[in-house]
Amino acid sequence: MSRFIFVTGGVVSSLGKGITAASLGAVLEARGLNVTMLKLDPYINVDPGTMSPLQHGEVYVTADGTETDLDLGHYERFVRSCTNLTRNNNFTTGRVYADVIAKERRGDYLGATIQVIPHITDEIKLKIVEASENADIAIVEIGGTVGDIESQPFLEAARQLRFEMGSKQALLMHLTLVPFIATAGETKTKPTQHSVKELRSIGLQPDILVVRSDHEIPKSARDKIALFTNVEPQAVIALEDCDTIYRIPAMLNDQGLDDIIVNKLQLDVPKADLDDWRRVVEDQLNPEHAIKLKMVGKYMDLLDAYKSLNEALLHAGIHTHTKVDVEFLDSVDVEKQGTKLLEGADAILVPGGFGERGFEGKIAAAGYARENKIPYLGICYGLHAAVVDIARNKAGLEGADTTENNPNTPYPVIGLITEWVNEDGQTEFRDADSDLGGTMRMGEQICRLSCDSLTYRIYGDKEIKERHRHRYEVNNKYVPELEEAGLRVAGRSADEVLVEVIEYTDHPWFVASQFHPEFTSSPRDGHPLFASFIEAALAYQSR
């Protein structure tokens, strides 16, 4: 049977539970254990797919096409046995209630009165256990902060599972903040004491405390925390801010966190070999080159909206020994102030997005990169922007646009499939009131690359698999005209119907994809498309 480690957070949000849990997973995996990871989110949305990136951050996409919390990206980047997580590895309060209500409507509960306990908590436990089958260790991160009303059913389910399985099967690890009060010159342990008190009031005694701070936490403070929280002193793990998140697996290992866990869970496993993580840190902190990359996006007020993309650029820098200095530009500013904002770029990247706001700025960025032969990578909406630019400015299709933003465009070069399959060439429109949830092309799909393309040379394979999250496609009706203008279709879907990758032929490195390659990049393995992009930027810089 799987062992369980429940991870909770206290005092404040954004302590880094996801990165800490993922780092712990990496260390346990390095000890030969098969690790899986779950994220339990307390919000009512069934999934984060319809939530604004400015409010929630990135919507991560798993291989099976599930829209999930961004912490699953941390899990997949840190733990190789977690590179194909599924919808079972992330669920919300909304999904739990929806499933329980569906069972009640079917009569599964035989007329019982449905209550939070036992029905909601039983459903949570069932989902946790089912998602953990065949794993040695399941690390279960519970979102939110202890004391919030929203997370109480998840905490109660964790309490019940821990009680039912016993201390040799399930542990609780709690993250808290230990602030340093500069005016007093003191480290304060009281917030942690109160957070643990809150946990104990609902029947949860932490086995391990990970105490976060931007200052060194003295041993006297850790001993005081241990005394007042009833946690063994060696199990109070100090995790101070560091120069790179990829140092955290070694930091946890150095303090013996994995030893504590394998001893408490009575596991007989070898010591961890973290040499690959040390190489990642060494390569990241000691680059040989530097480039200036300008990213033109829509959600620059919250950089977590592009979390996987930022990490993929960092990984590319690690694997090319390059410091990638990313300047984030709001596409609305490019739209208003012009492409002068792009001057000085060694590379330009236009990421995904939705909606009309700022799209003209993305088109301008793609055009600037094309005209000035600056390496360009477009992802999803960045592909749409590049296609519209080429259509308008090279193919002579004045007014070309995507029907997402302009349903009346004379040249709908980007549209819904249902809009451009009409046999008589007329544009058809989907009902305006259609549900926005679950209507996209999602998840890992096969892409077949053209052997005469740059993208084929980058991947070194004719058939690749990448993850998607989009509704709108390149309109095949206009592909011949676009190809005459210099666009190359470098990749198509498995059935050869949908355009997956485009390039611009009169350019040293101009690639745009419908898929999101950032979801499959990792610090130890990198990703060929991003590595090639950074190499092209280095070549442009030294021209």
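Just so we're clear, the structure is a prediction, and the values are computed from it rather than from any experiment. Below, each value reflects all heavy atoms present in this structure, side chains not excepted, and no hydrogens, waters or symmetry copies.
Side-chain atoms of T66 never come within 3.5 Å of backbone atoms of T62 as a donor-acceptor pair (strictly under, hydrogens ignored). When atom types are taken as modelled, the side chain of R3 and the backbone of L265 share a donor-acceptor pair closer than 3.5 angstrom. Here the side chain of D41 pairs no donor or acceptor atom with the backbone of Y43 at under 3.5 angstrom. A donor-acceptor contact shorter than 3.5 Å links the side chain of R448 to the backbone of A494. Remark: the backbone N or O of P270 is paired with a side-chain donor or acceptor of R31 at under 3.5 angstrom. Of the possible donor and acceptor atoms, none in the side chain of T121 sits under 3.5 Å from a partner among the backbone N and O of I117. A donor-acceptor pair under 3.5 Å is absent between the side-chain atoms of S522 and the main chain of R77, judged by distance alone.
D325 is not listed as a side-chain neighbour of I291, based on a closest heavy-atom distance of 4.5 Å or more. Here the side chains of L309 and I379 are in contact, with some heavy-atom distance below 4.5 Å. Using a 4.5 Å cut-off on side-chain heavy atoms (C-beta onward), Q160 and L155 make no contact. A heavy-atom distance below 4.5 Å is not found between the side chains of R159 and I202. Within the 4.5 Å cutoff, side-chain heavy atoms of L24 are placed close to those of M173. You'll find the side chain of L171 reaches within 4.5 Å of the side chain of I261, heavy atoms only. A heavy-atom distance below 4.5 Å is not found between the side chains of L204 and V146. Between S493 and I446 there is no side-chain heavy-atom pair separated by less than 4.5 Å.
The pair R279-D276 does not meet the salt-bridge criterion, since no charged nitrogen lies less than 4.0 angstrom from a carboxylate oxygen. Taking the charged nitrogens against the carboxylate oxygens, K294 and E327 do have a contact shorter than 4.0 Å, which makes a salt bridge.
For the residue pair Y97 / E123, no side-chain donor-acceptor distance below 3.5 Å is found, with atom types taken as modelled. A side-chain donor from one of T176 and T192 sits under 3.5 Å from a side-chain acceptor of the other. Side-chain contact check for E518 and Y306: no donor-acceptor pair (N or O, by modelled atom type) lies under 3.5 Å. Side-chain contact, S81 with E29: a donor N or O sits under 3.5 Å from an acceptor N or O. A side-chain N or O of Q284 and one of T244 form a donor-acceptor pair less than 3.5 Å apart. A side-chain donor from one of E466 and T520 sits under 3.5 Å from a side-chain acceptor of the other. Judged purely by distance below 3.5 Å, without hydrogens or angles, the side chains of E288 and T322 never pair a donor atom with an acceptor atom.
For the atom pair H315 NE2 and N310 CG, the distance stands at 10.0 Å (nearest 0.5 Å). With rounding to the nearest 0.5 angstrom, the CG atom of L529 is 10.0 Å from the CD1 atom of I534. The distance from the CD1 atom of I458 to the CD1 atom of I464 is 10.0 Å, given to the nearest 0.5 Å. How far CG of L38 is from CG of N90: 8.5 Å, rounded to the nearest 0.5 Å. Interatomic distance, I245 CD1 to E311 CD, rounded to the nearest 0.5 Å: 4.5 Å. Once rounded to the nearest 0.5 Å, the distance linking CG of L257 with CD of Q234 reads 11.5 Å.
Across N89, V7, V79, a single residue satisfies side chain to side chain contact (heavy atoms under 4.5 Å, CB included) together with M37, and that is V79.
In this structure, F180 and H215 have parallel ring planes: the angle between them is below the 30° cut-off, well short of the 60° mark.
Between R212 and L239, the shortest heavy-atom distance links the atoms NH1-O, 2.9 Å. G143 approaches S151 most closely through the heavy-atom pair O-CB, 3.8 Å.
For N263, the CG atom counts as densely surrounded, since its 6.0 Å shell holds more than 12 non-hydrogen atoms of other residues, nucleotides or ligands. Heavy atoms from other residues, nucleotides or ligands lying under 6.0 Å from NZ of K103 number more than 12.
Ring centers of F78 and Y246: under 6.0 Å apart, within the cut-off. In this structure, H468 has its ring center at least 6.0 angstrom away from the ring center of F519.
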Chi angles and distances behind the salt bridge (charged side-chain N to carboxylate O under 4.0 Å, His left out) call for D69, K39: CA-CA 8 Å; D69 184 80; K39 175 68 184 294; 3.0 Å; yes

